[in-house]
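In what follows, every chain begins at residue 1, and chains take the letters A, B, ... in the order their sequences are listed. Any value given below was found using the heavy atoms of this structure, including those in side chains, with hydrogens, waters and symmetry copies removed.
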Number of protein chains: 2
Amino acid sequence: MRLSTKGRYAVTAMLDLALNGKNGPVTLAEISENQGISLSYLEQLFAALRNKELVRGVRGPGGGYYLGKSADEISIANIICAVDEWVEFTRCGGRQNCSGGARCLTHTLWDDLSSEIFNFLANISLGDLVRRNLNKSEESEEEQPPLSVVGESDSSSQAA
Amino acid sequence: MRLSTKGRYAVTAMLDLALNGKNGPVTLAEISENQGISLSYLEQLFAALRNKELVRGVRGPGGGYYLGKSADEISIANIICAVDEWVEFTRCGGRQNCSGGARCLTHTLWDDLSSEIFNFLANISLGDLVRRNLNKSEESEEEQPPLSVVGESDSSSQAA
DNA sequence: CTAATTCCCAAGTGATTTACTAGGTAATGC
DNA sequence: GCATTACCTAGTAAATCACTTGGGAATTAG
């Protein structure tokens with residue numbers, strides 16, 4: 001998993017699309033304006049998103065972009081992977097002996113954590129985020145817990 | 001949050017330290033060997049980790065690094081933030097009107113998601129990962145669910 | 001005391017990535 | 001046919017990555 005600013009641009013743009021695309025397509029010019037991202041950079045990001053069929057472009061006047069599927073079918077992980085493409089990290093390529101035999105244990109741990117993070121992001125959809133925001137708008141100033149809490153771990157006090 | 005390869009190096013190195021540091025300090029040379037990371041790059045990473053008091057160095061022969069606190073008190077978010085430092089993403093600086101008034105809504109959504117991801121990583125400690133691995137070694141080939149599942153979301157079928 | 005070992009520190013470097021500009025072409029609507 | 005939009009390619013300054021070089025400074029073994 002890789003969560004760079006590029007992925008953030010993509011997620012932010014997709015959120016904009018999900019929010020403003022209810023009636024008719026949204027132009028990249030609008031997203032550029034709204035989110036302060038350069039038009040041409042958006043074009044590059046959307047080329048990648050288009051390849052993964054996360055968005056669908058319509059040319060000509062009145063054109064723009066639609067979501068490629070329903071907001072509930074698009075996960076944050078989908079978006080990030082589309083633009084930031086997954087790089088395999090551990091060098092031991094899964095099968096190699098990895099300097100000293102059973103020392104590859106650390107890599108196993110990392111791989112576990114890595115897919116953990118991926119699953120987390122794969123379980124949050126654009127639809128989730130949008131719905132959550134609508135709820136917040138209605139309930140206005142009421143305190144609300146984060147959309148889905150990890151539970152378990154009570155290892156206190158580590159917010160930087 | 002920012003999860004680059006740099007953060008991965010740091011997490012991997014810290015895992016190595018947590019696993020091999022039970023009796024005596026671990027040298028960067030060992031970690032370098034084990035994990036295939038250049039010694040000097042490790043030094044840079046550990047300089048950052050030292051600043052955040054996540055590790056403690058001991059000089060001279062027989063020296064090396066200890067964890068700065070117990071493995072349970074060190075979260076993955078701690079490690080990543082130490083080396084990869086948090087960059088604020090949204091341009092509207094929290095208070096600005098953000099081109100067109102209520103359009104900053106997308107940014108609110110992003111901020112929510114962002115702190116969501118952070119909390120997730122803040123709730124996984126080095127200790128958690130190590131314990132999980134020990135369990136796995138004992139129970140050997142038994143199937144085990146990922147360390148902590150998100151629950152809730154049933155928005156099926158989105159693993160790439 | 002000396003020498004080896006380790007952490008510590010600073011500067012520099014080629015490769016890659018980031019976010020962007022410039023300059024197009026292709027389809028579509030009025 | 002003209003404006004509008006998506007689509008495509010190339011180039012670029014700045015930043016980041018992962019690493020090298022070349023030194024220290026503290027500690028221990030002998």
Side-chain angles (χ1 to χ4, degrees), chain A residues 2-13 17 20-21 24-33 35-68 80 82-91, chain B residues 2-13 17 20-21 24-33 35-68 80 82-91:
Chain A
R2 177 135 194 236
L3 181 51
S4 65
T5 51
K6 194 174 171 187
R8 277 184 249 198
Y9 278 111
V11 172
T12 305
L17 191 50
N20 298 114
V26 181
T27 67
L28 291 189
E30 289 177 79
I31 299 178
S32 171
E33 174 87 7
Q35 305 302 329
I37 309 171
S38 99
L39 180 60
S40 230
Y41 194 42
L42 276 177
E43 285 180 341
Q44 285 173 45
L45 295 178
F46 273 69
L49 295 170
R50 210 171 345 107
N51 285 339
K52 294 287 167 57
E53 295 180 325
L54 297 179
V55 297
R56 187 165 48 81
V58 178
R59 297 209 246 200
Y65 276 98
Y66 291 99
L67 289 180
I80 290 173
V83 299
D84 232 356
E85 76 206 58
W86 191 279
V87 271
E88 211 43 68
F89 180 58
T90 52
R91 289 137 189 275
Chain B
R2 176 135 194 233
L3 181 51
S4 65
T5 51
K6 194 173 171 187
R8 277 183 248 198
Y9 278 111
V11 171
T12 306
L17 192 50
N20 298 113
V26 181
T27 68
L28 291 188
E30 290 178 80
I31 299 178
S32 170
E33 175 87 6
Q35 305 303 327
I37 308 171
S38 100
L39 180 59
S40 232
Y41 195 42
L42 275 176
E43 287 179 340
Q44 286 172 44
L45 295 178
F46 273 69
L49 294 170
R50 211 171 346 106
N51 286 338
K52 294 285 168 58
E53 294 181 326
L54 297 179
V55 297
R56 188 165 46 83
V58 178
R59 297 208 246 201
Y65 275 98
Y66 291 100
L67 289 181
I80 291 174
V83 299
D84 232 357
E85 74 206 63
W86 193 278
V87 269
E88 212 43 68
F89 180 59
T90 52
R91 290 141 188 273

Nearest heavy-atom neighbours spanning B:Ala82 and B:Leu49
CB-CD2, 3.9 Å

Shortest non-hydrogen contact between A:Gly24 and A:Tyr66, atoms and distance:
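Reported closest heavy-atom pair: C-CE2, 3.9 Å.
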
Pairwise side-chain contact, B:Leu42 with B:Tyr65, heavy-atom cut-off 4.5 Å (strictly under)
no

Is any side-chain heavy atom of B:Val83 closer than 4.5 Å to a side-chain heavy atom of B:Tyr9?
no

Nearest-Å distance for atom pair [atom1]/[atom2], residues [X] and [N]:
X       : N      : atom1 : atom2 : answer
B:Arg8  : D:dC17 : CZ    : P     : 12 Å
B:Leu3  : D:dT16 : CG    : C1'   : 15 Å
A:Gln35 : C:dA19 : CD    : P     : 15 Å
B:Lys6  : D:dA15 : NZ    : P     : 15 Å
A:Leu42 : C:dA19 : CG    : P     : 12 Å
A:Asp84 : C:dT16 : CG    : C1'   : 13 Å
A:Leu28 : C:dT21 : CG    : P     : 15 Å

Report the residues that fulfil side-chain hydrogen bond (donor to acceptor under 3.5 Å, both in side chains) with A:Ser4, sequence neighbours left out, ordered by chain and then residue number.
A:Asp84

Got a sec, which residues hit side-chain hydrogen bond (donor to acceptor under 3.5 Å, both in side chains) with B:Thr27, two or more places apart in sequence or on another chain?
B:Glu30

Residue B:Ser38, side-chain heavy atoms: nucleotide from C:dA22, D:dA18, D:dT20 that is nearest:
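Nucleotide nearest to B:Ser38's side chain: D:dT20.
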
Strictly below 4.0 Å: does B:Ser4 bring a side-chain N or O up to OP1 or OP2 of D:dT16?
no

Sorted by number, the residues of residues 56-65 of chain B with heavy-atom contact under 4.0 Å to DNA chain D
B:Arg59, B:Gly60, B:Pro61

Contacts to DNA chain D from residues 43-54 of chain B, heavy-atom cutoff under 4.0 Å, which residues?
B:Gln44

Ignoring hydrogens and geometry beyond distance, is the side chain of B:Thr27 in donor-acceptor contact with the base of C:dT5 at under 3.5 Å?
no

Show me the donor-acceptor pairs within less than 3.5 Å that the side chains of residues 51-64 of chain A make with the rest of the protein, sequence neighbours left out.
from: A:Asn51; atom 1: ND2; to: A:Ala47; atom 2: O; distance (Å): 3.4

For DNA chain C, whose closest nucleotide is more 5', that of B:Ser40 or that of A:Tyr41?
B:Ser40

Rounded to the nearest 0.5 Å, what separation is found between the CG atom of B:Leu45 and the CZ atom of B:Arg50?
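Output value for this atom pair is 11.5 Å.
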
So how far is it from A:Ile37 CD1 to A:Ile31 CD1, rounded to the nearest 0.5 Å?
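Spacing of CD1 (A:Ile37) from CD1 (A:Ile31) equals 8.0 Å.
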
Under 4.0 Å, heavy atoms only, any strand: does A:Leu39 hit a base, just the sugar-phosphate, or nothing?
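Touches nothing.
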
